[in-house]
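Just so we're on the same page: letters track the sequence lines, and every chain starts at 1. Being a predicted model, the structure only gives us computed values, none of them experimental. For the numbers below, each heavy atom of this structure counts, side chains included, while hydrogens, waters and symmetry mates do not.
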Amino acid sequence: MRKTKLFMDTVVDIQVVIRETESIEEAESKMDRAFEAFRKVEQACSRFSPESELMNACRIAEDSVWISPFLYEPLKFALEIAKLTDGEFDPTIGKTMEEQGYNRHYLTGKFNENLAADSVTYRDIILDEQSHTLNLNKPLVVDLGAVAKGFAIDLAANELKDFKGFIVNAGGDLFAGGVDPNGLPWKIGIQHPEKKDQLIEEIEIINEAICTSGSYERRNAKVPGMHHIINPKTKHSPNDWVSSSVVAPFAMMADAFSTAAFLLGSEKGKELIENAGLKGIFITSELQIVRVGGI
Amino acid sequence: MAKMDKKWVILCSTAVAAVYSAGFISTEAQATKVDSHYQAQVSNQAIGDSSSTVTSNNNQAKGNNSSIISSNSNQAKIDKSSIVLPKSNQTKRLYKDGTFTGMGGNRRGSIEVAVTIKNDKITDVEISNFDMHYSERDVVGLPNEVIQNQSSQVRNVSGATYSTEAFQDAVQEAISQAQNA
């Protein structure tokens, strides 16, 4: 059974493999709950909607705000990755993204513009584990683009874990659970960066996530060479890789690490994935395939 | 292969657990589930037709809405023609509640969406029909790599984000049908 909806400017496609003994109603209600996870995470984490929990919290600088786990958890994860990469990956990139034109809501078409201090880093975001609160040192715009979708996929996957097999595919970031309708591991193609009708690679995964960060999608209309993955320190798009795919046990992990590896470039990016014990497939601008972690 | 750094696995699994332990995912969806065997048989026949939508008599794919696309390059200007769903403090609702379909498309194919509106807010956008090449080049005779929404045989691809311009057109069309006169 298969259903497709639109969330987070992304086509979210959920497929489940149903056993003969399972009822269609039960399957449908589980799929609805999986989609509901996307709705909840989007309402909490969207940088494009002024009413999101995130944007409401961003308007309150220098004061503590309680935030729900739908926002707290992905933000906490993003801050850990920021620490790990010494700020090459940084969720305070939001204002820079807005300035580059990535601030338009995909459903309403409205532009979202917010105040931010000139110089901000992830160290200006303070989370308190005890009170579950967020405190911003100065006005800034948080962008959770590299973790929120992954988190929603993981929550959706948790709703579907009892199926014999399932796939939660959010615009090519996906979690494949169990086995495919033929009882085999799920085969996942990796998009060719230049030829859209072709795959550059194919892998098999079971109960794992794969996320791909590519510079070939969402290119900047105004500035040639720029795309939606921007280094917060240089404010430029790195171009060592054209595509960075990471396989991990959780989609939030695969999502954040594929973006971080893209930002870090060839040497440091490979090292990051090796040190975390993950698997990655990277494509250079000359279309060379670089494999990491025994994949 | 290096041993996996458990720290990240633990962070992810506690993140998922945190949502549940706080009771943030409700069981409302399950309450609506229908239990009778008769119902199960009926909807068995209906698999493959997931769109339970208010059908409208739009039979043409709308072309690209140039005002939306052009506004992309001018971020300071707010596009007046775009959908602005009003705040709830307005007494009269501008949109009817319900599910409305709309079509969008480009040279690569067409998309049909079912948009659900409640209290002047978009609550859901389901893709009820998706028939598109995901080739950027519009060349006749390219391998027919078409995604058919209801087929389970479609290959999964990592790294392919579809253009949402066609979706935007489809959503706009659906919303225009919801508009109160």
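Only the side chain of A/Ile167 has a heavy atom closer than 4.5 Å to any heavy atom of chain B. Looking at A/Tyr72, there are no atoms closer than 4.5 Å to chain B (heavy atoms on both sides), in backbone or side chain. With a 4.5 Å cut-off on non-hydrogen atoms, A/Phe35 does not touch chain B at all.
Proximity of a side-chain donor or acceptor of B/Ser158 to a complementary backbone N or O of A/Gly172 within less than 3.5 Å is detected.
Applying the salt bridge (Lys or Arg N to Asp or Glu O under 4.0 Å) criterion to A/Glu80, with sequence neighbours excluded, gives A/Lys83, B/Lys7. Taking A/Asp255 as the reference, nothing meets the salt bridge (Lys or Arg N to Asp or Glu O under 4.0 Å) condition, with sequence neighbours excluded.
Between A/Leu278 and B/Met4 there is a side-chain heavy-atom pair separated by less than 4.5 Å. In this structure the side chain of B/Lys121 reaches within 4.5 angstrom of the side chain of A/Glu51, judged on heavy atoms.
Of all non-hydrogen atoms in B/Tyr20 and A/Leu155, the two that sit nearest each other are OH-O, 3.8 Å. A/Glu73 and B/Ala18 make their closest contact through OE2-CB, 3.3 Å (heavy atoms, listed as atom of the first residue, atom of the second, distance). In terms of heavy atoms, A/Lys76 sits closest to B/Leu11 at CE-CD2, 3.6 Å. Closest approach of B/Asp124 and A/Phe7 over heavy atoms only: OD1-CZ, 4.1 Å. For the residue pair A/Leu107 and B/Ile122, the shortest heavy atom distance occurs at CD1-CG2, 4.0 Å. Across every non-hydrogen atom of B/Val19 and A/Phe70, the tightest pair is CG1-CZ, 3.6 Å.
Per-residue heavy-atom pair counts under 4.5 Å with chain B were compared for A/Asn158, A/Ile190, A/Leu174, and the maximum is reached by A/Asn158. Heavy-atom pairs under 4.5 Å with chain B peak, among A/Asp173, A/Val17, A/Ile81, at A/Ile81.
The distance from the CE atom of A/Met252 to the SG atom of B/Cys12 is 4.0 Å, given to the nearest 0.5 Å.
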Derivation of the side chain to side chain contact (heavy atoms under 4.5 Å, CB included) call for A/Lys5 and B/Val125: CA-CA 6 Å; A/Lys5 296 193 182 197; B/Val125 182; over 6 Å; no
Candidate pair B/Asp5 and A/Asn275, rule side chain to side chain contact (heavy atoms under 4.5 Å, CB included), full reasoning: CA-CA 8 Å; B/Asp5 189 338; A/Asn275 290 344; over 6 Å; no
Ring pair (Phe, Tyr, Trp, His ring centres under 6.0 Å) between B/Trp8 and A/Phe250, worked out: CA-CA 9 Å; B/Trp8 307 101; A/Phe250 285 89; over 10 Å; no
